[in-house]
2 protein chains.
Amino acid sequence: MLTERQLQVLQVIIDEFIHTAQPIGSRAIAKKEDISFSPATIRNEMADLEDLGFIEKTHTSSGRIPSEKGYRFYVDHLLSPSRLSRQEMTVIADTFQREMIEFEKVVQKSARVLSDLTNYTSIILGPRVFETTLKQIQIISLSDQAAVAILVTSTGHVENRYFNVPASMNASDLEKLVNILNERLTGVPIIQLQEKLYGEVAELLLKHSSDFEATYNYLKAALLEEQPVKLYMDGKTNILLQPEFNDVHKIQALYSVMEQEEEMANILRTSGEGIKVSIGQENQLDEMQDCSLITATYSLGEKQMGTIALLGPTRMEYSRVISLLNVLSKRLTNTFHSWY
Amino acid sequence: MLTERQLQVLQVIIDEFIHTAQPIGSRAIAKKEDISFSPATIRNEMADLEDLGFIEKTHTSSGRIPSEKGYRFYVDHLLSPSRLSRQEMTVIADTFQREMIEFEKVVQKSARVLSDLTNYTSIILGPRVFETTLKQIQIISLSDQAAVAILVTSTGHVENRYFNVPASMNASDLEKLVNILNERLTGVPIIQLQEKLYGEVAELLLKHSSDFEATYNYLKAALLEEQPVKLYMDGKTNILLQPEFNDVHKIQALYSVMEQEEEMANILRTSGEGIKVSIGQENQLDEMQDCSLITATYSLGEKQMGTIALLGPTRMEYSRVISLLNVLSKRLTNTFHSWY
DNA sequence: TGTTAGCACTCTTTTTACATGAGTGCTAAA
DNA sequence: TTTAGCACTCATGTAAAAAGAGTGCTAACA
């Protein structure tokens, strides 16, 4: 559909604009190495590219900038996978080299690396808990009124849930309670906790002693408490480095939406498997219409466990970002795999 | 030193400027209710106040704005404690009303309330762990190579430390280990963990079985690992609302410094007891020289446990902020007290 | 027929000039 | 001691002019 020459011109415009953030004129394009035609010819091609909607002008007599459709085409057809530099590879390797047994730390470091290497904002959605099973439950009494239940999942995730305890419960009662819970709930998928807890466990507990009822109610609430998704962000201030964001209102809008963790998590969660690119208006949220979001997933076996993403201006280094996300997501998947 | 009239004029200038962020001219001051002299008189007083360094001009023929020295004087001598509105009291009461047994949540909510009510950025330094004692320790094996130690402190704080386990350790070994640890370490102040661990516990463990040596080394590292201070911030985007921060570079500088959690924590930690006000250049960090930081402490018994603070422009509603911090810090102290 | 040089035209950006208005400092009168 | 009056300063706003970058179109060229 596009001629070879049009492709060349489009590529130059996008590559240039990604680095300079300035409109590109025909003269500038003509000066490029692999371009061997005059500015006038390029102007003709540019007029065509504009008619097709791949580039646009900022005003009547300005150079051209890529349109969102242009970026889309670029990402879909023009992108040459960029090799990571040796230095980048080293940084990444170092991150994963240390003996790491705590998933949270791995994720935090990954987020840091991503934002450091790109100057964009990295967002990582932590592994889904409900894909895992309960490994063990512990209850530790804090006072005569409060206790904390500690849940450990098969993926080594530890979670603390505080709850009230009626004064009538003593230490040995609690111990019995824990034993029953462990006996019945160990190995149960987190997602099935609720039905188990309502069903047999409730029965068993109440049969054991009617004193348990109040405790059971408190505990139930604590255990079933919807736990917030873990969202790791890094490099939020990187956005401020981008020239398209030297308007305080834009910053304000974007930061506000980034603070809505639930919403962001949702976007990442519903991103499909593999690398996905959302450019400008393709994003669900109005506040992100000047941005591009690139997501990749990591998994354990067949199950998709979480998402890593980079958020930047639509004028993004797509090629490099995609390569980076590819590498990082594979690393995360491997790390995850090696543990379980 | 200052005449009654000068005090009045200074007060009006600061009060006005705090609300409008605009230089105040003599005419505007003369129009104020409790001012009964002409603009010309006020101009004379203003010239004196400027000579004394309490106010300054933005340019030769502008109105006056408070200098940092002016704010300092205002805070030290002119401040009338502002009563919180009923609505504010309600919001705060609501925050603490719910039955709360988890300190982290209380702190998070306090931070939220502070930033919501003030439109500044709230920063809370969580309670110091080393003031507490170890209540219980649990070890849960995650795989044949990894385990997690769960520390519960006397304040109900729960902490997870992941560590490696040599393959030679089996479940009953681990159990023995936990028993020894609990027996010897329960009730020990966190700050003394190290010496205990190096001394008698090491001896005991190694005597028990030389197999424990490797495990002991891993565990020791995990337990003694310097845990990062918990810093809770809320309302970071509020800064963007302040007219003095519509310069992207200023935002950038301030946000960068806020991301340095260690540094921020240090500043809060070394703030003295009670309410402290740092105005502009009085702040340690260069990046905060356009800001004021107001801190208050909360405590358990005699021991100062943590700090709550508000960060905003030097043009801050000192009176209201101080009242708010007073109330909140007392509430936190009470909550803390009621638990232990 | 595709390519290119030439040129008028458009629109932004920068500069300059000028008018306006807020506010001051000073002087002199009350 | 206070205040009215006035010249002066400086920021802000507006308008016009100049500069510059880049386009679209036409006509010539290969």
message = Between the base of C:dG6 and the side chain of A:R43, is one N or O donor paired with an acceptor at under 3.5 angstrom?
response =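 Per atom types, the contact qualifies.
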
task = If the plane angle is over 60° it's perpendicular, under 30° parallel, otherwise tilted; pick one for B:Y255 and A:Y255.
result =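 Judged by the thresholds at 30° and 60°, the geometry between B:Y255 and A:Y255 is parallel.
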
Candidates [options] - which lies nearest the side chain of [X]:
X	options	value
B:N44	D:dT23, C:dT4, D:dT3	D:dT3
A:E50	D:dT2, D:dG24, D:dT3	D:dG24
A:S61	C:dT4, C:dT10, D:dG24	C:dT10
A:T41	D:dA11, C:dT4, D:dT23	C:dT4

key: Residues, nucleotides or ligands: over 12 heavy atoms within 6.0 Å of B:E273 CD   =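 No.
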
query = Are more than 12 heavy atoms from other residues, nucleotides or ligands located less than 6.0 Å from atom CZ of B:R5?
reply =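 More than 12 within 6.0 Å, yes.
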
Residue-phosphate contact under 4.0 Å: [X] side-chain N/O, [N] OP1/OP2:
X	N	result
B:R27	D:dT3	no
A:S26	D:dT23	yes
B:R5	D:dT1	no
A:K57	D:dG24	yes

Can you tell me the distance, in whole Å, between the [atom1] atom of [X] and the [atom2] atom of [N]?
X	N	atom1	atom2	answer
A:M46	C:dT3	CE	P	16 Å
A:H59	D:dG24	NE2	C1'	15 Å
A:I42	C:dT4	CD1	C1'	11 Å

request  = Specify the residue among A:A28 and A:A40 whose closest nucleotide of DNA chain D lies further upstream toward the 5′ end.
outcome  =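 Nearer the 5' end of the strand: A:A28.
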
query = Which of these, A:I308, A:L125, A:I124, sits in a side-chain contact (heavy atoms from CB on, under 4.5 Å) with A:L268?
reply =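 Output: one option passes, namely A:L125.
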
